[in-house]
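In listed order, ligands and their atoms are each counted from 1.
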Amino acid sequence: MLATCKQYINGHWETGVTLGESENPSDAADPVSDFARGDARQTDDAVRAAAGARRVWADSTPQRRFDALDFVGTEILARKEELGRLLAREEGKTLPEAIGEAARAGQIFKFFAAEALRIGGEKLASVRPGIEVDITREPVGVVGLITPWNFPFAIPAWKIAPALAYGNTVVFKPAELVPTCGWQLAEIISRAGLPAGAFNLVMGSGRQVGQAIVNNPLVDAISFTGSAAIGCDVLKVASERRTKVQLEMGGKNPLVVLEDAPFERAVDCAIQGAFFSTGQRCTASSRIIVEAPVFDRFVDAMRARTASLRTGHALASDTEIGPVVSNEQLAQDVRYLQIGREEGAQLVTGGEVLERPTKGHFLSPALFIAQPQHRVAREEIFGPVACIIRADDYEHALALANDTPFGLCAGICTRSLERATHFKRYAEAGMVMVNLPTAGVDFHVPFGGRKGSSFGPREQGRYASEFYTMVKTSYTSA
Ligand code: NAD
Ligand code: MN
């Protein structure tokens, strides 16, 4: 079951400069693929191919774009079980989560297939007599898409689909931990009837392939999702080149639980948001801020629920929490557990590296009671580690929720319409959830954050056109 994954450049499958092996985080004895790894030169080939296809794809009809994207979406949906298995094998989320993600990728392609039919403009009368003004949207050109490992189908889909729908050509670089999923997506796209060069896949390291995309002056726009540190580097180069750029970075998302919250539902939201997908979600609820009167009861309920979560092989039917994605990520999680203890945060449960029948990166979900200034309560860990923080009252909880350099998603559990309304208004985040986990978003509405979490226009839904198109204003005198 070892796949061989090649680069896709200018309509051809090509070997790379070196070969990588993609591992299964649940089972070291089950490698997923041998994959091509490119360098800067091969990346430049892909960018040139995308530049060469600019005109023909920009001039394609909405019908042609619809047909191509609808083909991709239809095939992904028809194969969602198989694709979900691949995703669970390579990234380590559980099979139901992985099938759900594959289906979401299919729905995203279908959504943007239809968006290609709806690209509109405006027509206004000029303030001067006898003149008409048209406002139209044009493709940006060549877009470089750089993605992280944690949603290997959904994030590439929500970049590739709008890029192509709005008439851009693409160079796509998946994360090195999940090349097989990126290649699988490319394999489907390669049969969708696009002109050669309109879509290109280059696998390889961030240093070589990623940087070559960012540095290439033929790239007109860069959409990056990943860590804040790399995002800053990308932004620096992009701003020197005055290239359009969109960054989605980390989070340290608060979930506020008020005294009047529906209690069991709040526990569900916290468990789901903190630990599902092994906590490896930028929208994970990593700061659970609980109002004092229910604090002890909430901690007890969380301890019991957290300790009962079954951690194991991503494909096992009784697994609730899959493995950590890699050895390095596991080391980072363990380092933060150590930092938490050293700083005086109180470990409530979990945080043990687990042995399972297969050799994988298993960590039991960990829960701290932390102070707001603890590093485990401030820095993104990106693993199954969450903090509970005590708040005196609602105002205090809101202040704690906003006391973070990040601003992706914020949640509140309460029965009070007044509090929920106030929180929606004053939470400093791009997305707000009321009586819902912070993670788990729809595919047809904008996604993104504020402060250190995001830069540039929103992704997803029709708001994606802000990034993937340029506005032109034309004046005509008859
Ligand atoms: P990462 O920043 O290490 O890598 C992201 C991508 O950038 C990868 O494809 C990587 O190869 C590439 N890259 C690395 N160095 C580069 C460079 N110098 N130039 C250009 N590209 C480079 O992130 P990761 O470890 O893959 O993913 C985890 C991070 O992603 C977490 O911080 C998480 O919060 C974030 N994330 C954010 C969102 C969001 O939408 N806000 C979604 C998912 C993940
Ligand atoms: Mn990384």
Side-chain angles (χ1 to χ4, degrees), residues 20 22 35 37-40 43 90-91 93 101 144-159 171-179 181-182 201-216 219 222-238 243 245-253 277-286 324-333 336 379-383 404-409 429-431 438-441 443 446-460 464 467:
S22 170
F35 66 96
R37 301 177 75 245
D39 61 1
T43 309
E90 187 165 56
E91 194 269 349
K93 65 188 61 176
E101 181 182 334
L145 307 179
I146 300 175
T147 56
W149 48 262
N150 64 330
F151 285 93
F153 284 135
I155 295 178
W158 81 50
K159 296 185 192 296
V171 177
F172 163 49
K173 183 211 139 5
E176 279 229 274
L177 291 172
V178 290
C181 290
L201 165 80
V202 191
M203 296 166 286
S205 74
R207 283 238 148 263
Q208 298 199 48
V209 176
Q211 269 188 21
I213 291 173
V214 176
N215 288 333
N216 194 311
V219 173
I222 300 159
S223 180
F224 168 91
T225 299
S227 61
I230 307 287
C232 277
D233 293 346
V234 170
L235 179 58
K236 258 184 223 136
V237 180
T243 300
V245 63
Q246 169 185 67
L247 309 172
E248 288 300 339
M249 299 168 287
K252 193 73 185 176
N253 309 287
S277 298
T278 320
Q280 298 175 148
R281 296 188 284 195
C282 47
T283 49
S285 316
S286 44
V324 172
V325 72
S326 68
N327 229 345
E328 288 89 80
Q329 184 64 50
L330 180 64
Q332 173 168 316
D333 298 348
Y336 270 110
E379 297 172 17
E380 184 181 54
I381 300 172
F382 221 60
T404 168
F406 295 105
L408 189 56
C409 191
M431 299 176 289
T438 54
V441 296
F443 63 85
F447 176 93
R450 295 183 184 176
K451 301 203 280 190
S453 289
S454 298
F455 181 87
R458 285 284 183 268
E459 300 197 76
Q460 301 204 60
F467 181 73

*Test side-chain contact (heavy atoms from CB on, under 4.5 Å) on V214 and I146 and set out the steps.*
CA-CA 9 Å; V214 176; I146 300 175; 3.8 Å; yes
Best match, [options]: closest heavy atom to [atom]:
{"atom": "atom 35 (C) of ligand 1", "options": "G226, G144, C282", "answer": "G226"}
{"atom": "atom 16 (C) of ligand 1", "options": "I381, V237, I230", "answer": "I230"}
{"atom": "atom 3 (O) of ligand 1", "options": "A175, S227, P148, P152", "answer": "S227"}

Give yes if a backbone or side-chain nitrogen or oxygen of [X] is under 3.5 Å from a nitrogen or oxygen of ligand 1, and no if not.
{"X": "T147", "value": "yes"}
{"X": "V234", "value": "no"}
{"X": "W149", "value": "yes"}

_Students often mix this up, so state it plainly: with edges at 30° and 60°, are the rings of W158 and F447 parallel, tilted or perpendicular?_
tilted
_Derivation and outcome, side-chain contact (heavy atoms from CB on, under 4.5 Å), residues E176 and R37_ = CA-CA 9 Å; E176 279 229 274; R37 301 177 75 245; 2.8 Å; yes
Do the non-hydrogen side-chain atoms of [X] and [Y] ever get within less than 4.5 Å of each other?
{"X": "P152", "Y": "E101", "answer": "yes"}
{"X": "E91", "Y": "W149", "answer": "yes"}
{"X": "V219", "Y": "V171", "answer": "no"}

Provide the number and element of each atom of ligand 1 under 4.0 Å from a heavy atom of [X].
{"X": "F447", "value": "40 (O)"}
{"X": "E380", "value": "31 (C), 32 (O), 33 (C), 34 (O)"}
{"X": "L408", "value": "41 (N)"}
{"X": "N150", "value": "43 (C), 44 (C)"}
{"X": "G210", "value": "19 (N), 20 (C), 21 (N)"}
{"X": "Q211", "value": "17 (C), 18 (N), 19 (N), 20 (C)"}
{"X": "G250", "value": "34 (O)"}

Taking a cutoff of less than 4.0 Å between a non-hydrogen atom of the residue and any ligand atom, is [X] in contact with ligand 1?
{"X": "I155", "result": "yes"}
{"X": "D233", "result": "no"}
{"X": "E176", "result": "no"}

*Could you walk me through whether K93 and F151 pass side-chain contact (heavy atoms from CB on, under 4.5 Å), step by step?*
CA-CA 9 Å; K93 65 188 61 176; F151 285 93; 3.3 Å; yes
*Just wondering, are more than 12 heavy atoms of other shown residues or ligands nearer than 6.0 Å to CZ in F443?*
yes
*What do we get for F224 next to ligand 1 when only non-hydrogen atoms under 4.0 Å count, side chain, backbone, both or neither?*
side chain
*Taking non-hydrogen atoms only, is T225 closer than 4.0 angstrom to ligand 1 via side chain, backbone, both or neither?*
both
*Drop me the distance from T283's OG1 to E248's CD, to the nearest 0.5 angstrom.*
11.0 Å
*Under 3.5 Å, is there a donor-acceptor pair linking the side chains of K159 and S223?*
yes
*Under 3.5 Å, is there a donor-acceptor pair linking the side chains of T43 and K173?*
no
